[in-house]
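In what follows, every heavy atom counts, from backbone to side chain, and hydrogens, waters and symmetry copies are set aside. Order of the sequence lines sets the chain letters (A, B, ...), proteins ahead of strands, with each chain counted from 1.
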Amino acid sequence: MARITYLEAIQQAQMEEMILDSRVFMMGEDIRCNVFGTTTGFLEKFGEARIRDTPISENGFIGAAGGAAIVGMRPIVDATISSFLFPAMDQICSIIAKSSYIYGGQARLPLVIRSCLFYGNSNAAQHSDRPYPMFMNMPGLKIIAPSNARDMKGLLKAAVRSDDPVLSFEDSTCWTNKSEVPDDMDFVIPLGKGDVKREGTDITVIGIAGAVNIALKAAEQLAREGISIEVVDPRSLVPLDHELILRSVRKTGRAICVDPAHKTCSAASEIAATIAEYAFEALRAPVVRITTPDTHLPFSPHIEKPLYPSVARIVDAARRLVGAGTPVPA
Amino acid sequence: MTAVGDNDRGLEKYLRMQRIRQFENKAEAIHAQGEIPGALHTYAGMEASGVGACMALRDDDYMVGNHRSHGHPIAKGAMLRPLMAELLGKTTGICKGKGGSMHLSDFSMGSLGETSIVGSGGPVAVGAALGAQMQGLDRVALCFFGDGASSEGAIHEALNLAAVWQLPAIFVCENNRFGMSTPTSAGVAGENVADRAHGYGIPGVMVDGQDVDAVEIAVREAVDRARSGKGPTLIETKTYRYGDHAVNMGRELTPRGPDHEDWLARDPIVLHRLRLLEQGVPPAALDVIEAQVAEEVDDALSFARESAYPAFEEAFDHVFVDRLPIPEDVLAHA
Ligand SMILES: Cc1ncc(C[n+]2csc(CCOP(=O)(O)OP(=O)(O)O)c2C)c(N)n1
């Protein structure tokens, strides 16, 4: 065990999997110069053939990763910021998601496409996307969105070992957060298994990626008011751990889904619908979504910050759900 | 390796071109009777392009194709039964009935997909070439794409990437004069797609796409370059699509030009037959091939007809390695 950051967890996961399996290699823009700190020491250790800087050509090199995977390699693509996946929608959606299916299982595409959710820091609308919901609507892609260093490492290692294509969405608001992370080379967290991050009895708060940490803070504050929050972190969005979510909601009877994505068709929407469909009889109150509204993200921090899910919005919603008023300061 | 003019190779080319032509003629006939669902994108007129190119490849070389997918696998040597079964949507089809006419891709022949999103095969071929290079295999990857596809960004990105990394890739633009209803001149700037090679610093080669030997020679040179580490080549086969964009489009989409009859007069199979006869091949040898292919096609059709349709559950296979759960309410009404 060591206490490391989310970014260090990414670095470790990649390093270990590259040591363990010579078919694993990395490609992406400017990865040799290690822009975000997830490939520290890689070039020296693995050489230029396995640490490949690409042209600025997302559709080309992400598709090439798909082709390399089909012939037996196991690429990790560092697509840097998730907004840059959009030029590669062609290869991701038409080739990578569908080649196994359309050719009747003749092809397998064991590759990982990593990108970060780069929101909340005045990068304006074109760099601040949280686009995982779009990909949740495309069968054939597994999706992880970890909220802490331990999960990041375990899930990324599982993703590299998976024979299915996996998209890893890494929340930049978690980058410097530290947690205890096993250094066992075979520590993996299975794809599709969620985690209860805090147990509680009154309300289930399901958080997506960085929203888990906001939910944990809100839970802390609400505990002081006597409201007991259970925080559930699905960790993987595809497959989604329905069982864990439903079990928790059946226990608490109330659910808040917190998601940094835009509201319409968000992961929160999918989870809310699942709860409404399968746990309706357990609900004591409507399911609430706390998301980013369906506007774009502006540059100016004064109007950007309030758009995201926050502790205050969760606390308000929780109080409403249990019928509690705002406590009057003594 | 035997020479291009070698009799056995000449006959093999004749065999493969005959297979494509007769396979498609049969497919069109039964399509008209409603036995094949969906559209049929026929390759007739382009047989020399596919067969010439694939004859320059080894069995273990890779190939990526496009929506006009019937010719490529047969050119690479695929057997007809699973291809015909696929057209009929049967579980014995090469793609288990999930791909159909636009996706006849036989991976056992080195195919890595016949992809129907125009231009999308380019990056896949680049990746296969990269994989081969990284694995220390001396395989090459060949990508077929159309003149229409040459306008797609994916093709530019693939060419650029292959050139930057000097990968063992061969790009074969099958210029059949049209993209759907759009003549090449209205969709492609500049005289020739092959001219674009200069921009990438790689060889660009134009070849008579109705001459199977000429295509083989051009592609062989590119394959040799690729295999010896000298990087990619862009080849343009000047060819012609006899049929409309696809069978089942409702009405004729292709605006034929004044050169239509000239193209039909240069049928690649007839041209090759004449050449073989000139080289002293007895006509009977060619007749035997034609008869043999007719039998293969009949056999493939019987096989396809006798095969079962996929079980409904198979719709949930191969999304991921593990079968997806099947929703009961859907299953109840399947
Ligand atoms: C990205 C994309 N755009 C449009 C289409 C519709 N479409 C299918 S084939 C075709 C023409 C392609 O022309 P070309 O590449 O020259 O191949 P050809 O059909 O002539 O063999 C078009 C426009 C498509 N399948 N994919």
Side-chain angles (χ1 to χ4, degrees), chain A residues 22-23 25 27 49-50 52-75 87-111 138-142 162-166 191-192 238-239 242, chain B residues 62 64 86 91 93-100 102-103 105-108 111-117 119-135 137 139 141 152-162 164-165 167 310 314-315 317-322 324-325:
Chain A
S22 63
R23 297 169 301 176
F25 72 101
M27 58 202 279
R50 287 177 78 193
R52 307 188 77 91
D53 271 353
T54 63
I56 308 163
S57 191
E58 290 78 9
N59 201 42
F61 70 75
I62 289 179
I70 293 175
V71 301
M73 301 299 288
R74 305 182 78 88
M89 285 308 242
D90 167 39
Q91 294 294 308
I92 297 173
C93 298
S94 293
I95 299 289
I96 291 168
K98 298 192 177 110
S99 284
S100 179
Y101 192 83
I102 208 161
Y103 304 120
Q106 295 181 89
R108 281 198 179 176
L109 288 88
L111 79 154
M138 171 59 62
L141 302 169
K142 292 193 169 169
S162 165
D163 280 337
D164 295 312
V166 181
L191 304 178
V238 179
H242 289 120
Chain B
Y62 300 122
V64 179
E86 185 63 30
T91 188
I94 191 68
C95 304
K96 300 194 159 64
K98 288 176 180 164
M102 292 191 287
H103 304 287
S105 180
D106 183 344
F107 279 57
S108 71
S111 174
L112 305 176
E114 296 280 331
T115 163
S116 63
I117 295 301
S120 66
V124 178
V126 170
L130 172 64
Q133 190 187 66
M134 292 187 74
Q135 291 159 353
L137 301 171
R139 296 179 185 170
E152 286 284 1
I155 293 296
H156 158 65
E157 294 193 28
L159 280 159
N160 184 62
L161 198 51
V164 166
W165 286 350
L167 295 175
E314 293 181 40
D317 282 339
H318 308 304
V319 173
F320 295 121
V321 171
D322 297 325
L324 289 180

Item checked: Proximal component of A/I102, with respect to chain B [non-hydrogen, under 4.5 Å] -> both
Notebook entry, point to check: So which part of A/S100 gets closer than 4.5 Å to some heavy atom of chain B, the side chain, the backbone, both or neither?
Noted result: both
Next item on the list: Would you mind checking which part of A/K142 comes under 4.5 Å of any heavy atom in chain B, side chain (CB onward), backbone (N, CA, C, O), both or neither?
Entry: both
Check: Quick one: what part of A/F25 sits under 4.5 Å from any heavy atom of chain B, side chain, backbone, both or neither?
Finding: side chain
Notebook entry, point to check: Side chain, backbone, both or neither: which part of A/T54 has a heavy atom under 4.5 Å from chain B?
Noted result: both
Checklist line | No-hydrogen, no-angle side-chain donor-acceptor test under 3.5 Å, A/S94 and B/S120 | finding: no
Next item on the list: Among B/L130, B/D106, B/L167, B/V64, single out the residue with the greatest number of heavy-atom pairs under 4.5 Å to chain A.
Entry: B/L130
Item checked: chain B contact via A/Q106 - side chain, backbone, both or neither, heavy atoms under 4.5 Å -> both
Item checked: Side-chain H-bond candidate by donor/acceptor type, B/T91 with B/E314, under 3.5 Å -> yes
Note to self: Under a 3.5 Å distance rule, please check whether B/E157 uses its side chain to pair with a backbone N or O of A/N59 as donor and acceptor.
What the structure shows: yes
Check: Is the count of non-hydrogen atoms from other residues, nucleotides or ligands lying under 6.0 Å from B/L324 atom CG greater than 12?
Finding: yes
Next item on the list: Might you work through the side chain to side chain contact (heavy atoms under 4.5 Å, CB included) test for B/Y62 and A/I70, ending with a clear yes or no?
Entry: CA-CA 11 Å; B/Y62 300 122; A/I70 293 175; over 6 Å; no
Note to self: Heavy-atom cut-off 4.5 Å, strictly under: side chain, backbone, both or neither for B/E86 against chain A?
What the structure shows: neither
Note to self: Donor-acceptor check, side chain of A/Y101 to backbone of B/A315, threshold 3.5 angstrom: yes or no?
What the structure shows: yes
Check: For A/D90, is it the side chain, the backbone, both or neither that has a heavy atom under 4.5 Å from a heavy atom of chain B?
Finding: side chain
Notebook entry, point to check: When rounded to the nearest 0.5 angstrom, what distance separates CD in A/Q91 from OG in A/S99?
Noted result: 8.5 Å
Item checked: Residue A/L141 versus chain B: region with a heavy atom under 4.5 Å -> backbone
Item checked: From B/M134 atom CE to B/W165 atom CH2, the distance as rounded to the nearest 0.5 Å -> 9.0 Å
Next item on the list: Answer with side chain, backbone, both or neither: which region of B/I155 has an atom nearer than 4.5 Å to a non-hydrogen atom of chain A?
Entry: neither
Check: What part of B/N160 is in contact with chain A, defined as an atom under 4.5 angstrom from a non-hydrogen atom: side chain, backbone, both or neither?
Finding: side chain
Margin query: Measuring from atom CE of A/M89 to atom CE of A/M138, what distance do you get when rounded to the nearest 0.5 angstrom?
Written below: 7.5 Å
Checklist line | Portion of A/V166 that has a non-hydrogen atom of chain B nearer than 4.5 angstrom | finding: neither
Item checked: Part of B/L112 within contact of chain A (heavy atom distance under 4.5 Å) -> both
Item checked: Row check, A/Y103 ring normal vs B/K98 NZ/CZ: under 6.0 Å, within 45° -> no
Next item on the list: Below 4.5 Å from any heavy atom of chain B, which atoms of A/R23 appear? Answer side chain, backbone, both or neither.
Entry: neither
